[in-house]
Every structure is written in C-alpha cells, then in structure tokens.
Asks: 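Structure incoming, see below.
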Amino acid sequence: MKKLLFTITVLAMTVTMNAQGNDGVTLTVIIENVLNDEGHVLSALHNEQTFMKADGIKTSHNKAEAGELILTFEHIQPGDYAFSVLHDANDNQRMDFENNGMPKEDYAMSGNSMQMGPPTFSDAKFSIANEDMEIKLRF
C-alpha cells in the first residue's frame with residue numbers, strides 16, 4: 001500500500017511539474033524612481049510584432065505611487081521581448097511631448113538604450129528562457 005501511494009505521489013508531482021513548464025514563466029518587472037502619486041503607470045510587454053505599433057501582449061495599468069512599483073506577468077513563453085513603461089501623470093492614456101519633441105512624462109524601456117529618437121526592438125529586447133526572470137527599469 002505504501003509503495004502504491006508513493007508511486008501515485010511521484011506520478012502526480014511529475015505531471016504537475018510538466019504542466020508548469022508548459023504554462024510559461026513569471027516575469028517580474030521592478031520600476032524604480034516613480035517620482036509622485038499623480039496619474040497612473042502604464043506598462044506593456046511587447047514582442048517584435050507589437051513593439052511601437054500596438055498594445056503589448058501583456059499590459060498593466062497601476063495607480064502611481066512614489067517609490068518603487070513591482071509588476072508580475074505570468075505564463076510568458078520563452079522568446080525575445082521588450083518592455084515599455086510610462087508614468088501617465090495627467091491620465092490622458094498617451095505620452096505627452098514638449099514643443100521640441102522631448103517627452104514631458106517619465107518613461108523607461110528595457111535595454112536602457114539612451115539614444116536620440118524612438119527606440120528599436122533590437123535595442124530594447126531581452127530574452128526569456130525557461131526560468132522565472134526579473135528585470136529592473138528606472139524612470
């Protein structure tokens with residue numbers, strides 16, 4: 001009887017572990033230096049097809065709170081991604097620009113490339129493998 005119970009337990013654990021592997025991994029994004037409590041923090045996980053063209057494949061809309069914001073995205077499949085985040089202080093659901101074209105609101109992008117002009121997917125991309133992952137972005 002003990003042998004049968006042990007075998008069933010091992011089998012159940014194996015099935016559970018295999019199912020978790022097929023569900024993808026968890027991506028934790030830590031956003032540092034939120035300067036104030038105004039508006040919301042909008043963020044999106046992108047693949048190459050959605051980057052700078054459409055809503056992300058996973059998005060988040062959180063009330064802004066000064067300090068650090070931790071976001072969790074589950075069931076992410078292995079591949080190349082980019083992450084964008086905007087502190088939409090005036091809650092108009094878009095990035096606002098100065099007359100000279102510079103952003104008025106805080107933003108961050110994975111890859112931390114500080115180039116002039118819009119970011120590219122190749123500059124912002126990071127790879128997710130088969131293990132949970134954490135990235136940090138700073139406004």
Side-chain angles (χ1 to χ4, degrees):
M1 183 65 170
K2 285 183 181 181
K3 217 177 204 183
L4 178 61
L5 184 57
F6 177 76
T7 303
I8 292 171
T9 302
V10 169
L11 181 61
M13 288 174 53
T14 303
V15 168
T16 301
M17 288 178 3
N18 286 338
Q20 287 176 347
N22 294 335
D23 285 345
V25 300
T26 299
L27 172 65
T28 302
V29 181
I30 301 170
I31 302 166
E32 301 174 329
N33 201 36
V34 179
L35 295 178
N36 58 55
D37 297 345
E38 297 172 7
H40 286 81
V41 175
L42 311 177
S43 60
L45 179 67
H46 292 276
N47 60 23
E48 191 167 9
Q49 290 73 38
T50 66
F51 185 74
M52 302 295 284
K53 299 173 195 150
D55 290 338
I57 57 173
K58 298 240 181 194
T59 61
S60 177
H61 183 263
N62 300 83
K63 177 72 180 113
E65 293 183 22
E68 184 177 87
L69 175 62
I70 299 174
L71 305 172
T72 303
F73 299 89
E74 297 180 334
H75 310 295
I76 309 298
Q77 296 302 310
D80 291 333
Y81 297 93
F83 197 86
S84 63
V85 60
L86 167 69
H87 184 174
D88 184 19
N90 63 1
D91 274 336
N92 67 352
Q93 302 292 309
R94 63 184 177 90
M95 180 180 276
D96 295 313
F97 296 91
E98 300 285 352
N99 289 335
N100 65 3
M102 296 300 292
K104 285 184 179 181
E105 298 169 306
D106 291 332
Y107 69 97
M109 184 76 59
S110 56
N112 292 321
S113 176
M114 297 303 287
Q115 64 187 12
M116 296 300 284
T120 64
F121 183 76
S122 62
D123 288 335
K125 78 176 179 179
F126 61 93
S127 295
I128 294 180
N130 293 317
E131 295 180 7
D132 292 348
M133 184 174 183
E134 176 181 295
I135 62 173
K136 290 185 180 185
L137 301 175
R138 183 174 177 83
F139 282 137

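Every value quoted in this text rests on a predicted model; they were computed, and no experiment measured them.
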Asks: Can you check whether Asp132 reaches Thr28 side chain to side chain, under 4.5 Å on heavy atoms?
Replies: no
Asks: Parallel, tilted or perpendicular: which one describes the rings of His61 and His40, with boundaries at 30° and 60°?
Replies: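 Aromatic pair His61/His40 classed parallel.
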Asks: I'd like to know if Val85 and Ile70 are part of one continuous hydrophobic network [Ile/Leu/Val/Met/Phe/Trp/Tyr, side-chain heavy atoms within less than 4.5 Å].
Replies: no
Asks: With rounding to the nearest 0.5 angstrom, report the CZ to CG distance, Phe139 to Leu69.
Replies: 8.0 Å
Asks: Does any non-hydrogen side-chain atom of Phe83 lie less than 4.5 Å from one of Ser43?
Replies: yes
Asks: Which heavy-atom pair separates Ile76 from Lys58 by the least distance, and what is that distance?
Replies: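 Closest approach of Ile76 to Lys58, heavy atoms only: CD1-CE, 3.7 Å.
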Asks: Taking atom CD1 of Ile31 and atom OG of Ser60, what is their separation to the nearest 0.5 Å?
Replies: 7.5 Å
Asks: Counting neighbours of CD on Glu98 that are heavy atoms of other residues, nucleotides or ligands and sit closer than 6.0 Å, is the number greater than 12?
Replies: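 Yes.
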Asks: Taking the side chain as every heavy atom from C-beta outward, state whether Lys53 and Phe121 have any atom pair closer than 4.5 Å.
Replies: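 Answer no - side chains too far apart.
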Asks: Considering non-hydrogen atoms only, spot the tightest contact between Met52 and Pro118 and give its length.
Replies: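 That closest heavy-atom pairing would be CE-CB, 4.1 Å.
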Asks: Take Glu134 and Ile30 through the side-chain contact (heavy atoms from CB on, under 4.5 Å) test and state the conclusion after the steps.
Replies: CA-CA 7 Å; Glu134 176 181 295; Ile30 301 170; 3.5 Å; yes
Asks: Going from CG on Asp88 to CG on Asn62, what distance comes out if it is rounded to the nearest 0.5 angstrom?
Replies: 12.5 Å
Asks: Would you name the heavy atoms of Ala129 and Val25 that are closest together and state the gap between them?
Replies: O-CG1, 4.0 Å
Asks: Is any side-chain heavy atom of Asn90 less than 4.5 Å from a side-chain heavy atom of Glu105?
Replies: yes
Asks: Does the side chain of Phe73 come within less than 4.5 Å of Tyr81's, by heavy atoms?
Replies: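 Sidechains of Phe73 and Tyr81: no contact.
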Asks: Go through Asp80 and Glu48 one step at a time and tell me if the side-chain contact (heavy atoms from CB on, under 4.5 Å) criterion holds.
Replies: CA-CA 8 Å; Asp80 291 333; Glu48 191 167 9; over 6 Å; no
Asks: Just by modelled atom types, is the Ala44 backbone N or O under 3.5 Å from a matching donor or acceptor in the Thr59 side chain?
Replies: no
Asks: What are the two closest non-hydrogen atoms of Lys63 and Gly39, and how far apart are they?
Replies: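 Lys63 and Gly39 have their closest heavy atoms at NZ-O, 3.3 Å.
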Asks: Within this structure, what is the CG-CG distance for the pair Asn33 and Leu137, rounded to the nearest 0.5 Å?
Replies: 12.0 Å
Asks: Heavy-atom count around Asp55 CG within 6.0 Å, excluding the residue itself: above 12?
Replies: no
Asks: Tell me whether Asn99 at atom CG has more than 12 heavy atoms from other residues, nucleotides or ligands lying less than 6.0 Å away.
Replies: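 Open.
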Asks: So which atom in Glu38 and which in Asn36 form the shortest heavy-atom distance, rounded to 0.1 Å?
Replies: N-OD1, 2.9 Å
Asks: What I'd like to find out is whether the side chain of Glu65 reaches to under 4.5 Å of the side chain of Val34, using heavy atoms alone.
Replies: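 Heavy-atom side-chain distance check fails, nothing below 4.5 Å.
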